[in-house]
2 protein chains.
Amino acid sequence: MDITPDNLFSSLANETRLRSLMLLLRHDELCVCELTHALGVAQPHISRHLALLRESGLVSDRREGLWVHYRIHPDLPEWVRRVLQHVFEGNAERSPFRNDAKGLARMPNRPGAPRCA
Amino acid sequence: MDITPDNLFSSLANETRLRSLMLLLRHDELCVCELTHALGVAQPHISRHLALLRESGLVSDRREGLWVHYRIHPDLPEWVRRVLQHVFEGNAERSPFRNDAKGLARMPNRPGAPRCA
DNA sequence: AACATATATACGAAATGTCGTATATTCTGC
DNA sequence: GCAGAATATACGACATTTCGTATATATGTT
């Protein structure tokens, strides 16, 4: 699971993927329906981008019944983890990331207890 | 000069631009001919990508006679600076970055004294 | 002014990335 | 097995990016 800078940055160079990652940095585990609701985009849209993040090794997924939960991949190299963390710290309060977090918080009927980091 | 994550990552999502930035992190100021030699690519190729980096606010340029010297933009937001620094630390010894540094060191007739950071 | 060097831009072709929509898959409950 | 919910993939159209090559601009020298 070796992540190259090219790999990393072409993954981050898309708003949907970046917004998903930023939410996962806050919430450590989220299912597809939560991301779909928070970002306000179509389900196949999110799903395709999550697949790309999975293939690039940035996230891992876990199936639990009907739901698939995604999280930041636990075995990320230290430098990648730090990059993500600094992007988060520098932009968490900006649009659209701030709103995504709010949108998620307002989601009714989230599967499982809300798991915050 | 406000840098958004989208802006940053689409800039970093190209090998030529990333290799240039990594060299600039080591050498603080380099002219186009040095970058051209170090990366072993055509001059218009480098020049076009440096223009993109300039337009995105990641680098600044300074003309000195025939030469144009580029450097990491001195006013980068802290989070951007940190992202770049961690990418550098995590990958400086990997290909192709390691080789770029070597290639530059072996360049004859560099304009001005070699300026290291 | 003519020329040489360093750098920048223009242009179309090729490659890559993205999107919406339709359809498949996987699982649960009956 | 069937129906429904959550998620994944397929497909073609569209947009964006990248590339090589040709050419333009800027500066210094004679």
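Below, all heavy atoms of this structure are taken into account, side chains as well, without hydrogens, waters or symmetry copies. By convention in this document, chain letters (A, B, ...) are assigned in the order of the sequence lines, proteins followed by strands, and residues within each chain are numbered from 1.
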List in chain and number order the residues that pass ring pair (Phe, Tyr, Trp, His ring centres under 6.0 Å) with B:F9, two or more places apart in sequence or in another chain; answer none if no residue qualifies.
-> A:F9
Write down the distance between [atom1] ([X]) and [atom2] ([N]), rounded to a whole number of angstrom.
| X | N | atom1 | atom2 | value |
| --- | --- | --- | --- | --- |
| A:R110 | D:dA6 | CZ | C1' | 16 Å |
| A:H69 | D:dA6 | NE2 | C1' | 11 Å |
| A:N7 | C:dG17 | CG | P | 11 Å |
| A:L50 | D:dA6 | CG | C1' | 13 Å |
| A:W67 | C:dC27 | CH2 | C1' | 10 Å |
| A:N109 | D:dA5 | CG | P | 14 Å |
| B:H37 | C:dT7 | NE2 | C1' | 17 Å |
| A:L18 | C:dT18 | CG | C1' | 16 Å |

Identify every side-chain donor-acceptor pair in residues 39-52 of chain B under 3.5 Å, counting partners at least two apart or on other chains, and give the distances.
{"from": "B:H45", "atom 1": "NE2", "to": "B:T16", "atom 2": "OG1", "distance (Å)": "2.8"}
{"from": "B:H49", "atom 1": "ND1", "to": "B:R17", "atom 2": "NH1", "distance (Å)": "3.0"}

Quick one, give me the B/S/- string for nucleotides 25-30 of chain D, reading 5' to 3', where B means a protein heavy atom under 4.0 Å from the base and S means that only happens at the primed atoms, P, OP1 or OP2.
-> -SBS--
With the sugar-phosphate defined as primed atoms, P, OP1 and OP2, and the base as all remaining atoms, what B/S/- string results for nucleotides 12-23 of chain D, 5' to 3', for protein heavy atoms under 4.0 Å?
-> ------SBBBB-
Give me the other members of the hydrophobic cluster that A:L66 sits in, counting Ile, Leu, Val, Met, Phe, Trp and Tyr linked by side-chain heavy atoms under 4.5 Å, directly or via other members.
-> A:W67
Would you check, one step at a time, whether the test side-chain contact (heavy atoms from CB on, under 4.5 Å) holds for A:L12 with A:L8?
-> CA-CA 6 Å; A:L12 300 187; A:L8 173 62; 3.9 Å; yes
Please state whether the phosphate of C:dA8, meaning OP1 or OP2, lies under 4.0 angstrom from any side-chain nitrogen or oxygen of B:Y70.
-> yes
Run the side-chain donor-acceptor check on residues 80-87 of chain B: report pairs under 3.5 Å with partners two or more places apart or on a different chain.
{"from": "B:R81", "atom 1": "NH2", "to": "B:H73", "atom 2": "O", "distance (Å)": "3.3"}
{"from": "B:Q85", "atom 1": "NE2", "to": "B:E89", "atom 2": "OE2", "distance (Å)": "3.3"}
{"from": "B:H86", "atom 1": "ND1", "to": "A:H86", "atom 2": "ND1", "distance (Å)": "3.3"}
{"from": "B:H86", "atom 1": "ND1", "to": "B:R82", "atom 2": "O", "distance (Å)": "3.1"}

Would you please test A:D2 and B:R94 for salt bridge (charged side-chain N to carboxylate O under 4.0 Å, His left out) and show each step?
-> CA-CA 12 Å; A:D2 187 43; B:R94 297 199 156 199; 3.2 Å; yes
Is there a donor in the side chain of A:R62 and an acceptor in the side chain of A:Y70, or the other way round, less than 3.5 Å apart?
->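 No, no side-chain donor-acceptor pair sits under 3.5 Å.
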Does B:R26 use its side chain to pair, donor to acceptor, with the backbone of B:A92 at less than 3.5 Å?
-> yes
To the nearest 0.5 Å, what is the distance between CZ (A:F88) and CG (A:L18)?
-> 11.5 Å
